[in-house]
Amino acid sequence: MEDYTLFLIKPDSTVKNHIGAILKIIEEHGFVIKEMKMFRMDRKFADRFYEIHKGKDFYDNLIKFMTSGRTVATVLYRKNAINELRKVIGKTDYHETKPETIRRIYGETITRNAVHASDSPENAKEEILKVFPYFKFKE
Ligand code: CMP
């Protein structure tokens, strides 16, 4: 299911009114927004969403950041969405990423890095269903 991915606009971007600018880039790259909602993660949701990072040195900062404000969550669709979206957003550390990527334009630090995108079909499916439990994947 490499054609669907979960894309989050993180609290650093929503607080700075970058939602529209970021979604414009996404749509210009051919992604179709299949689902969208804005919400503030609570501790329980953030712990569940980031369970694969539990125990890492950046975990507490990550949870504090992700529960600090509102997140826009979307399900994006296009051919080869997972790989294509990761090219558009750039690497986790915005310093290392290419100049035209979303994280380079809007990221501030390795934690406050503007956006999130799923990194594999397995994780995309899990992450999409954590935010949109009713989502139906079509072949
Ligand atoms: P993301 O890839 O969306 O999901 C994990 C997040 O943890 C990552 O973005 C960053 O926001 C945060 N993070 C902070 N420090 C690190 C690090 N050293 N390596 C990876 N992720 C980090």
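Predicted model only: the values in this text are computed from it and were never measured. All ligand and atom numbering here is 1-based and tracks the order in the structure. Side-chain atoms are counted along with the backbone in the values below, which use heavy atoms only and exclude waters and symmetry mates.
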Within a 6.0 Å radius of atom CZ on Arg70, are there more than 12 heavy atoms belonging to other residues, nucleotides or ligands?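 No, CZ of Arg70 has 12 or fewer neighbouring heavy atoms, counting only those of other groups under 6.0 Å.
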Could you work out the complete set of other residues in the hydrophobic cluster of Val115, with links drawn between I, L, V, M, F, W and Y side chains under 4.5 Å apart?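 So far as hydrophobic clustering goes, Val115 is joined with Phe7, Ile9, Ile19, Ile22, Leu23, Ile25, Ile26, Phe31, Ile33, Met36, Met38, Val72, Leu76, Leu85, Val88, Ile89, Ile102, Ile105, Tyr106.
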Side chain to side chain contact (heavy atoms under 4.5 Å, CB included) against Lys37, all qualifying residues, sequence neighbours excluded: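 Applying side chain to side chain contact (heavy atoms under 4.5 Å, CB included) to Lys37 gives Phe39, Val131, Phe132.
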If you measure from the Lys or Arg side-chain nitrogens to the Asp or Glu carboxylate oxygens, is any gap between Lys64 and Asp60 under 4.0 Å?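 Asp60 and Lys64: not salt-bridged.
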By salt bridge (Lys or Arg N to Asp or Glu O under 4.0 Å), which residues pair with Lys16, not counting sequence neighbours?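 If we apply the salt bridge (Lys or Arg N to Asp or Glu O under 4.0 Å) test to Lys16, skipping adjacent residues, the hits are Glu108.
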Mind jotting down which protein residues get a heavy-atom contact under 4.0 Å with ligand 1? Chain and number order, please.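 For ligand 1, the contacting residues are Lys10, Tyr50, His53, Phe58, Leu62, Thr92, Arg103, Ile110, Thr111, Asn113, His116.
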Which is it for Glu100 and Arg104 under the salt bridge (Lys or Arg N to Asp or Glu O under 4.0 Å) test, yes or no, and what are the steps along the way? CA-CA 7 Å; Glu100 68 276 18; Arg104 184 68 169 267; over 6 Å; no
